[in-house]
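Have a look at the structure below before the remarks.
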Amino acid sequence: MSNRFENVRVEKTTGLGRKLSFDVPQTVVAETFNLYFQDVQKQVALKGFRKGKAPINVIRQMYTDSVKEDVAKHLARTGFYKAVEEQKLELIGSPEFHFEDPSEGKDFTVSAQFEVRPEVKLKKFEGLSVKKEKLEVDNKFMDQTIQQLRSYKDTFEDVLEDRAAVEGDQVILDFEGSTSEGLFEGGSSKDFKLKLGSKMMIPGFEDGVLGMKVGQEKTITVKFPTDYGAGNLAGKDAQFKINLNKIQKLIPGELGEEIFKIYEVTDESELRAKINETQEKQERKRIQDQFQDRLLKTLVRENPVDVPVSLLEDQKKLLIDDFVERMKKEGLLADQIEDYLKKWDSEFQKTASEMIQGSFLVDALAEKFSLGCGPEDLDKKYQEYSEQVKMPLEKVRAHHEEDQKRLQRLAYLITEQKVISFLESKSKVQEVPGSEFKDEK
């Protein structure tokens, strides 16, 4: 390296770990101290001297200890990144520096530990055997959607005849719940509306209401699920005293202009066609997303790459944080989430490793076959986003280009898509029924 730093040593520690050491000559250390002292001299006002006019030897006596850390960090970082550049090392993450306090009268020795980018060897990326789900769109989803849209217009009217409650009815009831420990919070309600068949209550509750008549009182026994959100009730038996106040029968709603307007159609036939088109589009995307995941995992299996420990820890943490947030939204308690994290720790580790290896392989293939993201690719994606969100093109562009991390993320996603398209064109793709992938859905 330059004459400001000497004796650069690079040692391999473990895996992708490296240790880089170098010495800074005493003359350079003294020169750096002097630069910092001069900077302090310009800024401080000492008693008896005008600001910026205190003698440098006085500054040195008073501020040596306070500038040591700044001098050390400056020398360490400057020397380290110069050495990394000259040694042609591809750094991953941030280095961990080790050094003692510098002194003007002696050389300064620095060492830093870090990881380097792994070497990627492309062994097999053509002819990969990957299964892909066959697109199968039936009318079940469409019928359910139409029924749901109609249900928004459902009404209920009181049942006047003397009959029992049946599935599909809406009942209005009072209930009071208790366990062997007595009444529990949230277990009682007055004039509670419940549509029988909605399964909104714990298993067994609706079954107990079916067959009841207006004015009837009844006590039923049910068991809370073991994974119930309130941990103090999970798995416990409970008794509910129920008083049925009213039974209301369903008057099914009908599709109308209001719903047609929302979907920008004129009649039910067009609505069904639009729902079918939307479902097919969603299914194609889901199938392609899952196929791409399998394709990258197959690529990783055929072309394993060493994984930097620091990246693995960071990626695993991101996966866990995302999982925890989703579980909280679903109502799971902290101890339940902790149990899941322990149970699936190895899966988080494996997924994080596959994701990192996949990213290195995508980069290598993009470089080998010139599949990187160019300005024209970004322009095309901006236009696509603009049409999707109905936002002016320049606003979409500014949104991405004002944030470097966001722009880099978009560029990588474009590159990844180009690489996946390339791999798919070179792979042996076998279409199979969706039943083979039921655990992925």
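Side chains are part of it too, since the values below use all heavy atoms of this structure and drop only hydrogens, waters and symmetry mates.
Rounded to the nearest 0.5 Å, atoms CD (Gln349) and CG (Leu319) are 10.5 Å apart. With rounding to the nearest 0.5 angstrom, the CG atom of Leu312 is 12.0 Å from the CG atom of Asp306.
With 3.5 Å as the limit, one finds no donor-acceptor pair spanning the side chains of Glu424 and Gln292.
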Show which side-chain atoms of residues 29-37 pair as donor or acceptor with protein atoms under 3.5 Å away, not counting sequence neighbours.
from  : atom 1 : to    : atom 2 : distance (Å)
Glu31 : OE2    : Arg4  : NH1    : 3.3
Thr32 : OG1    : Val28 : O      : 2.8
Asn34 : OD1    : Arg60 : NH2    : 3.4

Donor-acceptor pairs under 3.5 Å, side chain of residues 371-380 to any protein atom, not counting sequence neighbours: which ones?
from   : atom 1 : to     : atom 2 : distance (Å)
Asp377 : OD2    : Gly374 : N      : 2.8
Asp377 : OD2    : Lys418 : NZ     : 3.1
Asp379 : OD1    : Arg397 : NH1    : 2.8

Atom pairs and distances, side-chain donor-acceptor, residues 383-393, under 3.5 Å, sequence neighbours left out:
from   : atom 1 : to     : atom 2 : distance (Å)
Gln383 : NE2    : Glu387 : OE2    : 3.2
Ser386 : OG     : Met391 : O      : 2.5

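Using a cut-off of 4.0 Å between Lys/Arg side-chain N and Asp/Glu carboxylate O, Asp65 and Lys68 are scored as salt-bridged. The pair Glu277-Lys274 fails the salt-bridge criterion, with no side-chain N (NZ, NE, NH1 or NH2) lying under 4.0 Å from an Asp/Glu carboxylate O.
Arg117 is linked by a salt bridge (charged side-chain N to carboxylate O under 4.0 Å, His left out) to Asp363, counting only residues two or more places apart in sequence or in another chain. Here Glu258 pairs with Lys153 under the salt bridge (charged side-chain N to carboxylate O under 4.0 Å, His left out) rule; sequence neighbours left out.
The side-chain contact (heavy atoms from CB on, under 4.5 Å) test with Glu133 is passed by exactly one of Gln290, Glu431, Glu436: Gln290.
Of the possible polar contacts, none joining the Glu347 side chain to the Trp344 backbone as a donor-acceptor pair under 3.5 Å is found.
More than 12 heavy atoms of other residues, nucleotides or ligands shown are found within 6.0 angstrom of CD on Gln144. No more than 12 heavy atoms of other residues, nucleotides or ligands lie within 6.0 Å of CD in Glu264, so this atom counts as exposed by the packing criterion. Within 6.0 Å of the OH atom in Tyr340, the count of heavy atoms belonging to other residues, nucleotides or ligands does not exceed 12. Heavy atoms of other residues, nucleotides or ligands lying less than 6.0 angstrom from CD of Glu402 number more than 12.
Ring pair Phe80/Phe99: centre-to-centre distance not below 6.0 Å.
Here the side chains of Glu354 and Leu296 are not in contact, with every heavy-atom distance at 4.5 Å or above. Using a 4.5 Å cut-off on side-chain heavy atoms (C-beta onward), Leu255 and Arg150 make contact. Put simply, the side chain of Thr145 does not reach to within 4.5 Å of the side chain of Thr278, judged on heavy atoms.
Each ring pair (Phe, Tyr, Trp, His ring centres under 6.0 Å) pair with one or both residues in residues 300-320, not counting sequence neighbours, would appear here, but there are none.
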